[in-house]
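Encoded as structure tokens, the structure appears first; notes follow it.
Per chain, numbering begins at 1; letters A, B, ... match sequence-line order. All values reported here derive from a predicted model rather than from experimental measurement. No hydrogens, no waters, no symmetry mates; every other heavy atom, side chains included, goes into these values.
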There are 2 protein chains.
Amino acid sequence: MAKRVRPARIGISDVASKAGVSLATVSRVMNGNFRVDPEIAARVREAATELKYQPNPMGRNLARGKTDTIGVVVPDLGNPTFQGVLRGVSRAAAHDGYRVLIADSSEVSSEESILAGEARRRCDGVVLCAPRMSSSELEELAPSLHPLVLVNRTTDADDSPSVIVDYGQGIQDLAAHLSGLGHTRIAYVSGPESSASNALRLAGLEKFTRTNPHIELTILHSGSTFEDGYESAGDVVESGATGILAFNDLTAMGLLSSLNELGIKVPEDLSVTGFDDIPFARYTTPPLTTAAVPITAVGEHAWAQMRDLLNGTSTTESVEVFQPHVVSRGSTGAPASD
Amino acid sequence: MAKRVRPARIGISDVASKAGVSLATVSRVMNGNFRVDPEIAARVREAATELKYQPNPMGRNLARGKTDTIGVVVPDLGNPTFQGVLRGVSRAAAHDGYRVLIADSSEVSSEESILAGEARRRCDGVVLCAPRMSSSELEELAPSLHPLVLVNRTTDADDSPSVIVDYGQGIQDLAAHLSGLGHTRIAYVSGPESSASNALRLAGLEKFTRTNPHIELTILHSGSTFEDGYESAGDVVESGATGILAFNDLTAMGLLSSLNELGIKVPEDLSVTGFDDIPFARYTTPPLTTAAVPITAVGEHAWAQMRDLLNGTSTTESVEVFQPHVVSRGSTGAPASD
DNA sequence: AGATTTTGAGAAAGCGTTTTCTCAATCCCA
DNA sequence: TGGGATTGAGAAAACGCTTTCTCAAAATCT
């Protein structure tokens, strides 16, 4: 049998011999980090393009000890928030010649640490979105993930930078919006117990009620999905509140949907707010009043932090905070004057 | 100065010396592909866990010539369709121990080929979503991307498998739905000229009008985004059609939004359909009648094809086609009987 | 013109694994 | 019990690059 001609990925040595120089020289002109005679450089480049030489990233990675790739771990690729973060990171990173590896834990948070660790080993760093991970687990995990940037989390046991959204302030603004419209009985349809950003919202609300003692606040328990919102309608109605702060846009939309089926008018009977301003928040019926979060910017800044970390140009331990701003739309109005 | 203790990533050789065996043996027990004395294996494993040894993927990749990673190239990470594909691929791949590298061309299709090539070099294969790439460019590119699976594209110059959605049939079903409601003047707000799936829709409609000669079809030109839909309202009204087939849900929503502002009632004055059934299609006002596309399933099957390709278990050149099914919601109804 | 510095390219040593290739030890059966 | 088969582990050769290390040639200085 004829010896099978090897699949012929052309390598650096092919270019070297074609150009009549050594491997080292080819590498040098390809990476341009050392002075090399212009004429020889030209010859090498010509040989390279002629052979359509493309350096093999695996060899490069191993030799340089880096991959030009960062990992982004998210709990749910179906969630608009994480999609936004991912998009922001991916585009910003691409702009600097880096690629993004996805690690979607699909909400099984027990896998999150393992997934993150694996991503870290394959990449030069990781951007971690793990809103449900316990603080202790995070503290334990973080050091092994350096360089690491946290999204919507902070931890003081580790000096990794964070980029976070001020959910506490945002929910206060929303509550103030409702209060400003005349609502005094307000209910918060809270998110998952273990959610860090939910805790932030609760803290914000506590602050709000402290400074606005006339407000009667009820805390209802729910989750973070459309369905959770849908199912919370009963509790919401029962609460007697006229202004409803939903955990996020998804739950708000679920709630809206359910209220509509129950014949309860928004905003005439009940005012409802969301949180995040996901792309479709403006198209609900009625359009959703919400606190807009510039989520892709969060992703972009997460990359900026990562870049600084990788370049060693990182400023001292930084946490960047984004302020949501309330967008008043049709789902809120003055309470019924009964 | 004290010799800086090397950052001490522990490697296979550390395990080897700790267990008193050779590198080769450690590798063998870690990969379990060769018989090795149980007692020695135990010793190695113990040493490994004790040192928390984690094989370095770069070394592995180079030695094995594979990365356990596939690239997914999409034109726009902000588009729900590609998000869905990405999610499907990512989850299915993760299930088989593969990771996904994102390549978002951000709609600059001139970069698409380069991006795809780069992704291919870094990964074991690529899933390509490139609805706007010209056939000739695709044909030229495809061979260099093997193993490759195409999403919503086919090419006969290359034997790569495809998983596609039957947009032609879907739009016909939608047209039939409108026709069934009594509409005879129908307008299609078409997508980007260069879009392959738009061409499919056009072909489907042509077939539809051939078999339904009494239907008066107008083709309007638009694009694929919400804004495109919004801006098409004028043309739509001018067309005199009573049933509007929008390119996709996004444009349908934009159209809906604009029509609402113009005081045109849907579905009383105009019936509107979308395409895709993105997660929010059911929450528009009125809820959008559309052709549902099981988009994450498309992604999952794209992975399945890729897996077969990688395993060499690929059945002969296959193209898997998914049928959309129309979901009738509130945005369509009988035409006004003027 | 001889001594000294610069410049530039080749040789070779990694990078951390996997995978032959080898060969000693054990096993099996006549 | 001796010779051929197995079995199992170590040595060493890839994998495809980057980056020292070295050293000859060219350039600069006295």
Counterpart residues, ring-ring contact (aromatic ring centres under 6.0 Å, His included), relative to B:Phe322 (two or more places apart) | B:His301
Considering all heavy atoms, the nearest B:Ser106-A:Arg91 contact | OG-NE, 3.2 Å
Go through D:dC17, C:dG16, C:dT18 for me and flag the one nearest to the B:Arg64 side chain.
-> C:dT18
Phosphate OP1/OP2 of C:dG16: any B:Arg60 side-chain N/O under 4.0 Å | no
Between B:Gln305 and B:Ser318, do the side chains contain an N or O donor and an N or O acceptor separated by less than 3.5 Å?
-> yes
Residues that A:Asp68 engages under side chain to side chain donor-acceptor pair (under 3.5 Å), provided they are two or more places apart = A:Arg64, A:Lys66
So, with a heavy-atom separation below 4.0 Å from DNA chain D, the residues of residues 44-51 of chain A are none
Mind checking side chain to side chain contact (heavy atoms under 4.5 Å, CB included) for A:Ser22 and listing every partner two or more places apart, or none if nothing turns up?
-> A:Ala24, A:Thr25
Can you sort out the partners of B:Ile295 under side chain to side chain contact (heavy atoms under 4.5 Å, CB included), two or more places apart, ordered by chain and number?
-> B:Thr81, B:Val85, B:Val293, B:Val298
Quick one: label A:Asn31 by what it contacts on the DNA or RNA (base, sugar-phosphate, nothing), any heavy atom closer than 4.0 Å.
-> sugar-phosphate
Mind calculating the distance between CZ (A:Arg9) and C1' (D:dC17) to the nearest angstrom?
-> 11 Å
Please tabulate the protein-to-nucleotide N/O contacts below 3.5 Å involving nucleotides 10-14 of chain C, giving atom names and distances.
residue: C:dG10; atom: OP2; partner: A:Ser22; partner atom: N; Å: 2.8
residue: C:dG10; atom: OP2; partner: A:Ser22; partner atom: OG; Å: 2.8
residue: C:dG10; atom: OP2; partner: A:Thr25; partner atom: OG1; Å: 2.6
residue: C:dG10; atom: N7; partner: A:Arg28; partner atom: NH2; Å: 2.8
residue: C:dG10; atom: O6; partner: A:Arg28; partner atom: NH1; Å: 3.4

Short side-chain N/O contact to D:dG16 OP1/OP2 from A:Tyr53, under 4.0 Å = no
Output all residues satisfying side chain to side chain donor-acceptor pair (under 3.5 Å) with A:Arg87, sequence neighbours left out; order by chain, then residue number.
-> none
Degree of bending, the helix from C:dA1-D:dT30 to C:dA30-D:dT1 (end axes from five pairs; round to 10°) = 40°
Listed once per pair and sorted, the ring-ring contact (aromatic ring centres under 6.0 Å, His included) pairs that draw on residues 66-101 of chain B, sequence neighbours left out | B:Tyr98-B:Trp303
Under the side chain to side chain donor-acceptor pair (under 3.5 Å) test, residues paired with B:Arg99 that sit two or more places apart | A:Glu118
In short, salt bridge (Lys or Arg N to Asp or Glu O under 4.0 Å) pairs touching residues 129-153 of chain A with sequence neighbours left out are A:Glu107-A:Arg132
Would you please name every residue forming a side chain to side chain donor-acceptor pair (under 3.5 Å) with B:Ser195, sequence neighbours left out?
-> B:Ser197
Provide, to the nearest angstrom, the distance between the CD1 atom belonging to A:Ile12 and the C1' atom belonging to D:dT19.
-> 12 Å
